[in-house]
Protein chains: 2
Amino acid sequence: MDDDLYRAIADPTRRAILDELVERDGQSLFELCSRLIMKHGISSSRQAISQHLELLESAGLVVARREGRYKFHWFNGEPLKAITKRWPANAKKR
Amino acid sequence: MDDDLYRAIADPTRRAILDELVERDGQSLFELCSRLIMKHGISSSRQAISQHLELLESAGLVVARREGRYKFHWFNGEPLKAITKRWPANAKKR
DNA sequence: AGTATATGCAAGTCGTGGCTTGCATGTCAA
DNA sequence: TTGACATGCAAGCCACGACTTGCATATACT
(Lines give C-alpha, C1' and ligand atoms only; values in the text may rest on other atoms or scores of the structure.)
Protein backbone atom coordinates (compact mmCIF):
# COMPACT_ATOMS: atom_id res chain seq x y z
CA MET A 1 0.00 0.00 0.00
CA ASP A 2 1.79 3.13 1.17
CA ASP A 3 4.65 0.88 2.02
CA ASP A 4 7.07 3.21 0.26
CA LEU A 5 6.17 6.04 2.59
CA TYR A 6 7.14 4.20 5.75
CA ARG A 7 10.25 2.76 4.19
CA ALA A 8 11.25 6.20 3.01
CA ILE A 9 11.25 7.81 6.44
CA ALA A 10 12.79 4.76 8.09
CA ASP A 11 16.31 5.81 7.17
CA PRO A 12 18.03 8.62 9.13
CA THR A 13 19.83 9.91 6.05
CA ARG A 14 16.58 10.26 4.17
CA ARG A 15 15.03 12.05 7.11
CA ALA A 16 17.95 14.47 7.07
CA ILE A 17 17.36 15.04 3.37
CA LEU A 18 13.77 15.95 4.12
CA ASP A 19 14.93 18.29 6.87
CA GLU A 20 17.31 19.96 4.46
CA LEU A 21 14.67 20.39 1.78
CA VAL A 22 12.19 21.83 4.24
CA GLU A 23 14.78 24.37 5.29
CA ARG A 24 15.86 25.17 1.74
CA ASP A 25 13.61 23.96 -1.02
CA GLY A 26 14.59 23.30 -4.62
CA GLN A 27 18.14 22.09 -4.16
CA SER A 28 20.11 20.17 -6.74
CA LEU A 29 21.81 16.88 -5.99
CA PHE A 30 25.24 18.40 -5.52
CA GLU A 31 23.87 21.17 -3.36
CA LEU A 32 22.15 18.60 -1.18
CA CYS A 33 25.26 16.48 -0.85
CA SER A 34 27.47 19.30 0.32
CA ARG A 35 24.90 20.68 2.71
CA LEU A 36 24.25 17.26 4.19
CA ILE A 37 27.93 16.91 4.91
CA MET A 38 28.25 20.41 6.34
CA LYS A 39 25.21 20.67 8.53
CA HIS A 40 24.13 17.12 9.22
CA GLY A 41 27.42 15.31 9.51
CA ILE A 42 26.49 12.87 6.79
CA SER A 43 29.30 11.53 4.67
CA SER A 44 27.66 9.44 2.03
CA SER A 45 28.65 9.40 -1.60
CA ARG A 46 26.72 11.26 -4.24
CA GLN A 47 25.30 7.98 -5.55
CA ALA A 48 24.03 7.06 -2.12
CA ILE A 49 22.18 10.36 -1.83
CA SER A 50 20.83 9.91 -5.34
CA GLN A 51 19.44 6.51 -4.45
CA HIS A 52 17.85 7.94 -1.34
CA LEU A 53 16.22 10.62 -3.44
CA GLU A 54 14.78 8.04 -5.80
CA LEU A 55 13.16 6.33 -2.86
CA LEU A 56 11.82 9.60 -1.52
CA GLU A 57 10.41 10.38 -4.94
CA SER A 58 8.62 7.05 -5.23
CA ALA A 59 7.12 7.75 -1.83
CA GLY A 60 5.90 11.12 -3.07
CA LEU A 61 7.80 12.96 -0.37
CA VAL A 62 10.11 14.61 -2.88
CA VAL A 63 9.24 16.03 -6.27
CA ALA A 64 12.10 16.43 -8.73
CA ARG A 65 12.49 18.17 -12.03
CA ARG A 66 15.39 18.09 -14.41
CA GLU A 67 16.60 21.40 -15.77
CA GLY A 68 19.59 21.30 -18.05
CA ARG A 69 22.25 19.30 -16.36
CA TYR A 70 20.78 19.92 -12.93
CA LYS A 71 18.04 18.08 -11.14
CA PHE A 72 16.21 20.06 -8.52
CA HIS A 73 14.27 18.62 -5.64
CA TRP A 74 11.32 19.89 -3.67
CA PHE A 75 9.76 18.64 -0.48
CA ASN A 76 6.15 17.48 -0.39
CA GLY A 77 4.70 16.58 2.97
CA GLU A 78 1.28 15.59 1.76
CA PRO A 79 1.86 11.80 1.93
CA LEU A 80 2.60 12.18 5.64
CA LYS A 81 -1.07 12.85 6.25
CA ALA A 82 -1.71 9.14 5.80
CA ILE A 83 0.13 8.41 9.03
CA THR A 84 -1.94 10.52 11.37
CA LYS A 85 -5.02 9.60 9.43
CA ARG A 86 -4.32 5.92 10.05
CA TRP A 87 -3.64 6.08 13.79
CA PRO A 88 -4.94 8.56 16.36
CA ALA A 89 -1.95 10.60 17.51
CA ASN A 90 -3.78 12.25 20.35
CA ALA A 91 -3.93 10.90 23.85
CA LYS A 92 -6.71 8.45 24.52
CA LYS A 93 -9.85 9.51 26.36
CA ARG A 94 -10.09 7.78 29.67
CA MET B 1 16.98 10.43 18.44
CA ASP B 2 13.49 9.08 17.81
CA ASP B 3 15.05 6.54 15.57
CA ASP B 4 13.03 3.79 17.19
CA LEU B 5 9.79 5.42 16.15
CA TYR B 6 10.55 5.39 12.44
CA ARG B 7 11.98 1.90 12.57
CA ALA B 8 8.90 0.72 14.41
CA ILE B 9 6.42 1.81 11.78
CA ALA B 10 8.67 0.74 8.91
CA ASP B 11 7.50 -2.85 9.10
CA PRO B 12 4.08 -3.81 7.69
CA THR B 13 3.49 -6.43 10.37
CA ARG B 14 4.08 -3.88 13.11
CA ARG B 15 1.73 -1.46 11.39
CA ALA B 16 -0.91 -4.19 11.35
CA ILE B 17 -0.35 -4.73 15.06
CA LEU B 18 -1.00 -1.05 15.67
CA ASP B 19 -4.15 -1.26 13.54
CA GLU B 20 -5.34 -4.20 15.59
CA LEU B 21 -4.68 -2.48 18.90
CA VAL B 22 -6.46 0.66 17.76
CA GLU B 23 -9.48 -1.43 16.87
CA ARG B 24 -9.37 -3.48 20.06
CA ASP B 25 -7.16 -2.20 22.82
CA GLY B 26 -5.63 -4.23 25.63
CA GLN B 27 -5.04 -7.53 23.87
CA SER B 28 -2.71 -10.23 25.09
CA LEU B 29 0.01 -11.73 22.93
CA PHE B 30 -1.98 -14.83 22.02
CA GLU B 31 -5.05 -12.78 21.29
CA LEU B 32 -3.02 -10.57 19.00
CA CYS B 33 -1.46 -13.50 17.17
CA SER B 34 -4.75 -15.17 16.34
CA ARG B 35 -6.44 -11.95 15.29
CA LEU B 36 -3.50 -10.98 13.09
CA ILE B 37 -3.81 -14.27 11.30
CA MET B 38 -7.59 -14.05 10.97
CA LYS B 39 -8.11 -10.49 9.91
CA HIS B 40 -4.78 -9.35 8.51
CA GLY B 41 -3.53 -12.46 6.76
CA ILE B 42 -0.34 -12.46 8.77
CA SER B 43 1.20 -15.81 9.51
CA SER B 44 4.13 -15.11 11.75
CA SER B 45 5.06 -17.14 14.76
CA ARG B 46 4.31 -16.06 18.28
CA GLN B 47 7.95 -15.20 18.86
CA ALA B 48 8.01 -12.98 15.81
CA ILE B 49 5.00 -11.02 17.05
CA SER B 50 6.57 -10.82 20.48
CA GLN B 51 9.73 -9.30 19.04
CA HIS B 52 7.67 -6.82 17.07
CA LEU B 53 5.90 -5.82 20.25
CA GLU B 54 9.22 -5.24 22.01
CA LEU B 55 10.20 -2.85 19.27
CA LEU B 56 6.86 -1.08 19.41
CA GLU B 57 7.25 -0.74 23.16
CA SER B 58 10.71 0.78 22.92
CA ALA B 59 9.27 3.25 20.44
CA GLY B 60 6.56 4.13 22.93
CA LEU B 61 3.81 3.19 20.50
CA VAL B 62 2.68 0.30 22.65
CA VAL B 63 2.38 0.15 26.40
CA ALA B 64 2.34 -3.28 27.98
CA ARG B 65 1.57 -4.61 31.42
CA ARG B 66 1.99 -8.09 32.77
CA GLU B 67 -0.89 -9.58 34.68
CA GLY B 68 -0.49 -13.10 35.91
CA ARG B 69 0.65 -15.19 33.02
CA TYR B 70 -0.76 -12.78 30.48
CA LYS B 71 0.76 -9.64 29.05
CA PHE B 72 -1.66 -7.05 27.77
CA HIS B 73 -0.88 -4.38 25.23
CA TRP B 74 -2.28 -0.93 24.63
CA PHE B 75 -1.80 1.45 21.77
CA ASN B 76 -0.30 4.90 22.34
CA GLY B 77 -0.21 7.26 19.39
CA GLU B 78 1.48 10.12 21.14
CA PRO B 79 4.98 9.52 19.71
CA LEU B 80 3.51 9.92 16.23
CA LYS B 81 3.13 13.63 16.88
CA ALA B 82 6.86 13.99 16.36
CA ILE B 83 6.45 13.18 12.68
CA THR B 84 4.03 15.91 11.76
CA LYS B 85 5.82 18.25 14.09
CA ARG B 86 9.06 17.64 12.24
CA TRP B 87 7.80 18.13 8.70
CA PRO B 88 4.87 20.20 7.44
CA ALA B 89 2.26 17.77 6.18
CA ASN B 90 0.10 20.41 4.57
CA ALA B 91 0.45 21.57 1.01
CA LYS B 92 2.87 24.38 0.48
CA LYS B 93 1.68 27.92 -0.07
CA ARG B 94 2.50 29.08 -3.57
C1' DA C 1 35.85 19.87 -31.00
C1' DG C 2 37.22 18.87 -26.45
C1' DT C 3 36.91 19.25 -21.47
C1' DA C 4 34.67 19.79 -17.15
C1' DT C 5 30.48 19.43 -14.73
C1' DA C 6 26.14 17.10 -13.10
C1' DT C 7 23.74 13.13 -13.03
C1' DG C 8 22.31 8.11 -14.25
C1' DC C 9 22.97 3.05 -14.40
C1' DA C 10 24.48 -1.55 -12.81
C1' DA C 11 26.81 -4.92 -10.35
C1' DG C 12 28.89 -6.33 -6.04
C1' DT C 13 29.85 -6.14 -0.90
C1' DC C 14 28.43 -6.08 3.79
C1' DG C 15 25.75 -5.37 7.75
C1' DT C 16 21.33 -5.52 9.83
C1' DG C 17 16.48 -6.84 10.44
C1' DG C 18 12.86 -10.28 10.53
C1' DC C 19 12.09 -14.88 11.30
C1' DT C 20 12.61 -19.47 13.01
C1' DT C 21 14.01 -23.09 16.33
C1' DG C 22 14.75 -24.91 20.79
C1' DC C 23 14.71 -24.44 25.42
C1' DA C 24 13.83 -21.87 29.81
C1' DT C 25 10.76 -19.37 33.00
C1' DG C 26 6.62 -18.44 35.20
C1' DT C 27 1.66 -18.89 36.30
C1' DC C 28 -2.70 -21.28 36.93
C1' DA C 29 -5.64 -25.49 37.56
C1' DA C 30 -6.27 -30.37 38.79
C1' DT D 1 3.07 -31.59 42.67
C1' DT D 2 2.20 -32.33 38.12
C1' DG D 3 0.81 -30.82 33.81
C1' DA D 4 -1.02 -27.39 30.65
C1' DC D 5 -0.84 -22.76 29.22
C1' DA D 6 1.29 -18.02 28.25
C1' DT D 7 5.36 -15.82 27.66
C1' DG D 8 10.66 -14.92 27.66
C1' DC D 9 15.43 -15.78 26.12
C1' DA D 10 19.15 -16.83 22.84
C1' DA D 11 21.38 -18.39 18.86
C1' DG D 12 21.29 -19.09 14.02
C1' DC D 13 19.59 -18.42 9.11
C1' DC D 14 18.41 -15.67 5.22
C1' DA D 15 16.99 -11.98 2.46
C1' DC D 16 16.91 -7.17 1.79
C1' DG D 17 18.71 -2.54 2.17
C1' DA D 18 22.48 0.93 2.28
C1' DC D 19 26.64 1.82 0.30
C1' DT D 20 30.49 1.67 -2.82
C1' DT D 21 32.84 1.23 -7.31
C1' DG D 22 33.24 1.78 -12.13
C1' DC D 23 31.50 3.25 -16.20
C1' DA D 24 28.00 5.66 -19.16
C1' DT D 25 25.21 9.69 -20.53
C1' DA D 26 24.13 14.34 -20.96
C1' DT D 27 24.65 19.26 -20.63
C1' DA D 28 27.41 23.48 -20.36
C1' DC D 29 31.74 26.16 -21.18
C1' DT D 30 35.93 27.74 -23.88
Side-chain angles (χ1 to χ4, degrees), chain A residues 1-21 24-38 40-59 61-74, chain B residues 1-21 24-38 40-59 61-74:
Chain A
M1 191 69 67
D2 32 29
D3 207 51
D4 291 347
L5 169 64
Y6 297 99
R7 267 195 53 202
I9 60 176
D11 186 84
T13 302
R14 285 194 289 269
R15 293 198 294 272
I17 292 178
L18 293 182
D19 289 338
E20 245 306 306
L21 285 180
R24 184 177 223 261
D25 223 0
Q27 296 190 48
S28 75
L29 178 55
F30 255 58
E31 218 176 333
L32 265 171
C33 285
S34 42
R35 293 182 77 110
L36 284 172
I37 296 174
M38 301 283 127
H40 299 264
I42 291 171
S43 60
S44 295
S45 70
R46 174 185 60 83
Q47 287 84 349
I49 305 296
S50 175
Q51 287 167 5
H52 283 308
L53 284 169
E54 285 180 29
L55 246 167
L56 288 169
E57 280 189 69
S58 67
L61 289 169
V62 163
V63 181
R65 189 177 61 204
R66 181 117 195 198
E67 263 178 45
R69 55 176 164 174
Y70 300 97
K71 190 180 184 187
F72 298 106
H73 304 81
W74 290 270
Chain B
M1 190 67 69
D2 32 30
D3 207 50
D4 290 348
L5 169 65
Y6 298 99
R7 265 195 56 202
I9 59 175
D11 185 84
T13 302
R14 285 194 289 269
R15 292 198 295 272
I17 292 177
L18 294 183
D19 290 337
E20 245 306 306
L21 284 181
R24 184 177 222 261
D25 224 0
Q27 297 190 48
S28 75
L29 177 56
F30 255 58
E31 216 176 334
L32 265 170
C33 285
S34 43
R35 291 183 77 112
L36 285 171
I37 295 173
M38 300 283 127
H40 299 265
I42 291 170
S43 60
S44 295
S45 70
R46 175 186 59 83
Q47 288 82 350
I49 305 295
S50 175
Q51 287 166 4
H52 282 308
L53 284 169
E54 284 180 29
L55 247 165
L56 289 168
E57 278 189 68
S58 66
L61 289 169
V62 163
V63 181
R65 190 177 60 203
R66 181 115 195 198
E67 264 177 46
R69 55 176 163 174
Y70 299 98
K71 190 179 183 189
F72 298 105
H73 304 81
W74 290 269

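Below, chains carry the letters A, B, ... as their sequence lines are ordered, and counting in each starts from 1.
Between B:S50 and the phosphate of D:dG8, there is a side-chain N or O to OP1/OP2 separation shorter than 4.0 Å. Distances shorter than 4.0 Å separate some side-chain N or O of B:K71 from OP1 or OP2 on D:dG8. For B:S28 and D:dT7, the shortest distance from a side-chain N or O to OP1 or OP2 is below 4.0 Å. One finds no side-chain N or O of B:H52 lying less than 4.0 angstrom from the OP1 or OP2 phosphate oxygen of C:dG17.
For the pair A:D4/A:L61, no side-chain contact is recorded, criterion being any heavy-atom separation below 4.5 Å from C-beta on. For the pair A:S44/A:L36, no side-chain contact is recorded, criterion being any heavy-atom separation below 4.5 Å from C-beta on.
One interatomic measurement links the two molecules: CD1 of A:I49 to C1' of C:dA6, which rounds to 15 Å at whole-angstrom precision. As rounded to whole Å, 12 Å separates atom P of C:dA6 from atom CZ of A:R66. Atom pair B:F30:CZ and C:dC28:P shows a separation of 16 Å (rounding to whole Å applied). Put simply, CG on A:L36 is 15 Å from C1' on D:dA18, counting in whole angstrom units. Distance, B:E54 CD to D:dG8 C1': 8 Å, rounded to whole Å. Rounding to whole angstrom units, CG of residue B:L29 and P of C:dT25 are separated by 19 Å. Atom P of nucleotide D:dG8 and atom OH of B:Y70 are separated by 14 Å, given to the nearest angstrom. Residue B:E57 contributes atom CD, which lies 12 Å from atom P of D:dT7 at whole-angstrom precision.
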Which atoms of nucleotides 1-3 of chain D (N or O only) lie under 3.5 Å from a protein N or O atom, and what are those distances?
none

Restricting to nitrogen or oxygen on both sides, can you table the protein-nucleotides 14-17 of chain D pairs closer than 3.5 Å?
from: D:dG17; atom 1: OP1; to: A:R7; atom 2: NH1; distance (Å): 3.4

Under-3.5 Å N/O pairs linking protein and nucleotides 20-23 of chain D:
from: D:dT20; atom 1: OP2; to: A:S45; atom 2: N; distance (Å): 2.9
from: D:dT20; atom 1: OP2; to: A:S45; atom 2: OG; distance (Å): 2.8
from: D:dT20; atom 1: O4; to: A:Q51; atom 2: NE2; distance (Å): 3.1

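Ring geometry for A:F72 against A:W74 counts as tilted: the plane angle lies between 30° and 60°, on a 0 to 90° scale.
Listed by chain and residue number, nothing satisfies the salt bridge (charged side-chain N to carboxylate O under 4.0 Å, His left out) test with B:E54 (two or more places apart in sequence, or in another chain). Taking B:R65 as the reference, B:E67 meet the salt bridge (charged side-chain N to carboxylate O under 4.0 Å, His left out) condition, with sequence neighbours excluded. Not counting sequence neighbours, A:Q51 has no partner by the side chain to side chain donor-acceptor pair (under 3.5 Å) test. The salt bridge (charged side-chain N to carboxylate O under 4.0 Å, His left out) check on B:R24 picks up B:E31, with sequence neighbours excluded. Applying the salt bridge (charged side-chain N to carboxylate O under 4.0 Å, His left out) rule to A:R69 yields no partners; only residues at least two apart in sequence or on another chain are considered.
The side chain of A:R69 has D:dA28 as its nearest neighbour among D:dG8, D:dA4, D:dA28.
One distance of note links NZ of B:K71 with CG of B:L53; it measures 7.5 Å at 0.5 Å rounding. In this structure, the separation between CG on B:L56 and CG on B:L5 is 10.0 Å, given to the nearest 0.5 Å. Between the CE atom of B:M38 and the SG atom of B:C33 there is a distance of 11.0 Å, given to the nearest 0.5 Å.
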For residues 10-19 of chain B, please give each side-chain donor-acceptor pair under 3.5 Å, one per line with the distance, not counting sequence neighbours.
from: B:D11; atom 1: OD2; to: B:T13; atom 2: N; distance (Å): 2.9
from: B:D11; atom 1: OD2; to: B:R14; atom 2: N; distance (Å): 3.2
from: B:R14; atom 1: NE; to: B:A8; atom 2: O; distance (Å): 2.7
from: B:R14; atom 1: NH1; to: B:H52; atom 2: ND1; distance (Å): 3.0
from: B:R14; atom 1: NH2; to: B:R7; atom 2: O; distance (Å): 2.9
from: B:R15; atom 1: NH1; to: B:I9; atom 2: O; distance (Å): 2.9
from: B:R15; atom 1: NH1; to: B:A10; atom 2: O; distance (Å): 3.1
from: B:R15; atom 1: NH2; to: A:D3; atom 2: OD1; distance (Å): 2.4
from: B:D19; atom 1: OD1; to: A:R86; atom 2: NE; distance (Å): 3.1
from: B:D19; atom 1: OD1; to: A:W87; atom 2: NE1; distance (Å): 2.7
from: B:D19; atom 1: OD2; to: A:R86; atom 2: NE; distance (Å): 3.3
from: B:D19; atom 1: OD2; to: A:R86; atom 2: NH2; distance (Å): 2.6

